[in-house]
Amino acid sequence: MYKPDWQTQFPEVPEGIHRLIVNTLETLDEKDGNHMKNRKNKKLRKSVLPIAAALVAVLGTTAMAAGVFRWNERAEKVFVADEVMQNRLVTEGNVTGIGHTVTDGGITMELIQTIQDENYFYALFNVTVGEGEPVLDEDSGLAMELSLNGRESPFGSLEWGFVSNMEQAPGSSRYFEIRGTKMEESALESGELKVVFTALQRNQEKAGEPVDLKTGNWPFTMDMKQTSVTHFTPGMEYILGGVQVKVLSVELSPLSIIITCDGQDIRSMEGRTGVNSDQTDLPEDLVISGVRYQDGTVVSQGLDVKNYGYTDQGGAFKLTQRFTSVVDVERIQAILMGDGQDEIQLK
């Protein structure tokens with residue numbers, strides 16, 4: 001008798017739901033096989049109904065995703081996305097709800113949510129202090145240690161801290177964020193990211209080391225995973241800020257973009273604008289200001305450049321930028337650069 005491999009029968013869905021359905025179907029197969037000798041003349045087996053129910057569950061998983069897991073309100077502000085894109089990122093594994101809590105010394109920390117792609121990683125925590133503990137505000141801080149698969153931090157650049165007072169009033173509970181750009185060797189590595197907080201701190205008004213207010217141990221683990229990235233290799237020259245620039249490659253996900261250009265062309269742009277990216281800042285004409293969809297819709301992007309610079313040999317210039325508004329990669333016609341919105345055509 002033909003026995004299907006349930007692991008390969010259905011489209012990709014969240015792992016927990018997928019595993020539950022597969023286990024159920026495999027169990028039904030086993031039970032059905034044990035009774036086949038006595039049921040040869042039966043045209044309709046009772047197992048059809050639960051299998052049909054499982055099929056409905058699988059096929060409806062994408063639509064159900066919003067009910068299973070909803071984005072945190074803070075994450076929605078950091079990553080602007082409509083409901084369709086939010087649900088897609090959940091089902092594709094870019095967004096994970098955690099809900100893990102650790103308490104030590106009267107301070108409770110909760111890992112709420114992670115959002116990531118091959119280039120970028122975001123983790124959202126909520127920290128709550130007990131009565132009599134210092135009020136949490138934008139000058140509060142946390143000391144922490146990070147490692148991936150037991151090795152050092154996988155991030156080439158890293159930002160962390162409590163949200164500003166403009167975004168959340170000082171009080172006994174406050175959001176804390178970690179934002180990291182993965183190093184190239186880490187971008188292709190999946191594994192266990194471990195974050196251990198070791199102290200609640202107070203940042204000094206003037207430059208200086210933070211002061212520990214209370215030490216403790218608040219360990220968290222989360223998955224760092226590979227996610228799908230769409231690669232384009234235009235190999236064509238475009239006019240960016242009045243300079244002819246050859247674009248070697250573009251790597252896109254709904255959350256971020258990497259653009260690699262000819263290094264000599266970028267040197268020419270720097271000479272024209274008087275900006276040296278080795279010493280000061282990025283030329284404005286290299287900042288991604290938006291994307292244009294095939295139907296003409298423009299999705300504007302805020303300034304959130306994560307990493308840029310020349311390769312070791314200087315033959316290429318690479319820019320990594322996070323999209324402040326999540327994009328639908330399949331619909332993108334062109335990348336818009338700078339205030340002049342010069343276009344890098346992808347299709």
Side-chain angles (χ1 to χ4, degrees), residues 79-81 85 88-89 92 94 115-122 156-157 180-188 226-270 277 281-347:
F79 299 85
V80 178
M85 288 305 300
R88 183 185 299 180
L89 291 174
E92 293 181 354
N94 297 86
I115 301 176
Q116 62 181 304
D117 64 7
E118 191 171 303
N119 309 310
Y120 185 75
F121 182 87
Y122 172 86
S157 63
T181 303
K182 300 176 184 178
M183 292 187 287
E184 288 190 16
E185 57 269 29
S186 301
L188 300 177
Q226 297 181 44
T227 57
S228 61
V229 174
T230 302
H231 295 263
F232 297 90
T233 53
M236 297 176 62
E237 295 180 340
Y238 301 90
I239 302 299
L240 305 181
V243 177
Q244 191 167 278
V245 176
K246 185 174 184 179
V247 177
L248 304 176
S249 67
V250 178
E251 300 174 29
L252 276 170
S253 89
L255 302 175
S256 69
I257 181 172
I258 295 179
I259 297 180
T260 304
C261 302
D262 181 90
Q264 188 57 50
D265 292 343
I266 301 303
R267 291 292 188 194
S268 298
M269 177 182 288
E270 291 176 342
S277 59
D281 208 347
L282 186 70
E284 292 182 0
D285 296 310
L286 284 180
V287 175
I288 298 158
S289 55
V291 302
R292 182 169 57 79
Y293 288 155
Q294 296 171 30
D295 63 2
T297 301
V298 172
V299 182
S300 298
Q301 300 294 333
L303 178 60
D304 200 358
V305 177
K306 291 303 176 186
N307 199 12
Y308 61 88
Y310 292 92
T311 59
D312 292 339
Q313 295 76 26
F317 182 91
K318 182 175 288 189
L319 164 73
T320 302
Q321 183 168 329
R322 180 182 76 84
F323 288 127
T324 55
S325 293
V326 174
V327 302
D328 186 342
V329 174
E330 296 178 358
R331 298 171 59 194
I332 294 178
Q333 175 78 31
I335 307 299
L336 308 180
M337 308 294 291
D339 292 337
Q341 296 201 328
D342 296 324
E343 294 191 358
I344 298 176
Q345 293 281 339
L346 300 181
K347 296 179 182 179

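Throughout, residue positions are numbered sequentially from 1 according to the sequence presented. We use all heavy atoms of the structure for the numbers below, so side chains are in, but hydrogens, waters and symmetry mates are not.
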Student: Return the CD to CZ distance between Q264 and F317, rounded to the nearest 0.5 Å.
Tutor: 13.0 Å
Student: Decide if atom CD of Q345 counts as having more than 12 heavy atoms of other residues, nucleotides or ligands within a radius under 6.0 Å.
Tutor: yes
Student: Strictly below 4.0 Å, N to O, side chains only: are D262 and K246 in salt-bridge contact?
Tutor: no
Student: How about T320 and N119: does a side-chain donor come under 3.5 Å of a side-chain acceptor?
Tutor: no
Student: Are side-chain N/O atoms of D117 and S256 paired as donor and acceptor at under 3.5 Å?
Tutor: yes
Student: Looking at D304 and Q321, what are the two nearest heavy atoms and their distance?
Tutor: O-CG, 3.5 Å
Student: Heavy-atom distance under 4.5 Å between the side chains of D328 and R88, does that happen here?
Tutor: yes
Student: CD of E284: more than 12 outside heavy atoms within 6.0 angstrom?
Tutor: no
Student: Any heavy-atom pair between the side chains of V291 and F323 that's under 4.5 Å?
Tutor: yes
Student: For residues E343 and L336, determine if any side-chain heavy atom of one lies less than 4.5 Å from a side-chain heavy atom of the other.
Tutor: yes
Student: So which atom in S289 and which in G338 form the shortest heavy-atom distance, rounded to 0.1 Å?
Tutor: OG-O, 2.8 Å
Student: Taking side chain as C-beta onward, heavy atoms only, is I115 less than 4.5 Å from Y120?
Tutor: no
